[in-house]
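Everything below concerns the one structure shown next.
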Amino acid sequence: DSGVTQTPKHLITATGQRVTLRCSPRSGDLSVYWYQQSLDQGLQFLIQYYNGEERAKGNILERFSAQQFPDLHSELNLSSLELGDSALYFCASSVVATTNTGELFFGEGSRLTVL
Amino acid sequence: DQQVKQNSPSLSVQEGRISILNCDYTNSMFDYFLWYKKYPAEGPTFLISISSIKDKNEDGRFTVFLNKSAKHLSLHIVPSQPGDSAVYFCAASATSGYALNFGKGTSLLVTP
């Protein structure tokens with residue numbers, strides 16, 4: 001158990017809909033990262049928050065948004081869903097803001113299926 | 001563009017033998033490299049890392065080698081065990097980097 005909690009574990013929805021994925025980081029971790037893993041793809045970095053502030057953006061679509069709340073949990077909002085958004089979405093957390101001094105701890109992921 | 005590449009999608013090795021997983025990177029700013037292991041229905045878990053000031057790091061049965069001039073790293077597992085069967089992701093980060101860049105993964109199968 002990494003200590004990172006993601007909900008829901010599975011989600012099935014229709015095209016055009018909007019969903020929210022939730023992540024609770026490990027106790028004491030200030031950084032939250034969101035990654036997307038599509039079929040046959042590696043983990044694609046979407047966005048990072050550190051202590052409530054956005055720190056870095058990766059390949060995140062404009063239809064997607066995220067935020068980190070004062071209690072440090074984070075939500076990833078996906079709107080106007082398309083079939084291609086079907087993927088495994090991982091949340092990861094770490095103590096520090098940068099990634100060259102330590103590891104990231106990953107949740108089990110939220111599997112999104114868009115029909 | 002994929003800055004971290006794992007060109008072998010899968011690898012099959014007999015129990016007791018050595019498993020060698022390879023990874024190439026293109027960004028010369030990367031100075032910290034990690035390997036993650038992922039079992040089905042679980043999130044990736046950290047396995048081993050190496051800083052660019054080193055060319056080798058060892059942890060039990062796992063050794064990571066870094067060849068900076070070739071922009072190549074490899075993970076050696078000796079001896080391989082059936083419980084090592086998983087997907088292995090190579091990842092890299094630059095100084096003050098805010099995100100790990102991952103490869104697509106190599107699925108390792110260790111057969112008895």
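The sequence lines fix the lettering, A, B, ..., with proteins before strands; numbering per chain opens at 1.
Here the side chains of A/F106 and A/V4 are not in contact, with every heavy-atom distance at 4.5 Å or above.
In this pair, B/F89 and B/F102 present their aromatic rings perpendicular. The plane angle is above 60°, beyond the 30 to 60° band.
Neither side chain, A/D29 nor A/S94, offers a donor N or O lying under 3.5 Å from an acceptor on the other.
Only the side chain of A/Q37 comes within contact range of chain B, judged by heavy atoms closer than 4.5 Å. Within the 4.5 angstrom heavy-atom criterion, no atom of B/Q6 approaches chain A.
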Scan the side chains in residues 68-76 of chain B for donor-acceptor partners under 3.5 Å anywhere in the protein, sequence neighbours excluded, and list what turns up.
| from | atom 1 | to | atom 2 | distance (Å) |
| --- | --- | --- | --- | --- |
| B/K68 | NZ | B/S52 | O | 2.8 |
| B/S69 | OG | B/N67 | OD1 | 2.8 |
| B/H72 | ND1 | B/C23 | O | 3.3 |
| B/H72 | ND1 | B/D24 | OD1 | 2.8 |
| B/H72 | NE2 | B/N22 | OD1 | 3.2 |
| B/S74 | OG | B/H76 | NE2 | 3.3 |

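Counting heavy-atom pairs closer than 4.5 Å to chain A, the top residue among B/P44, B/A91, B/S51, B/P9 is B/P44.
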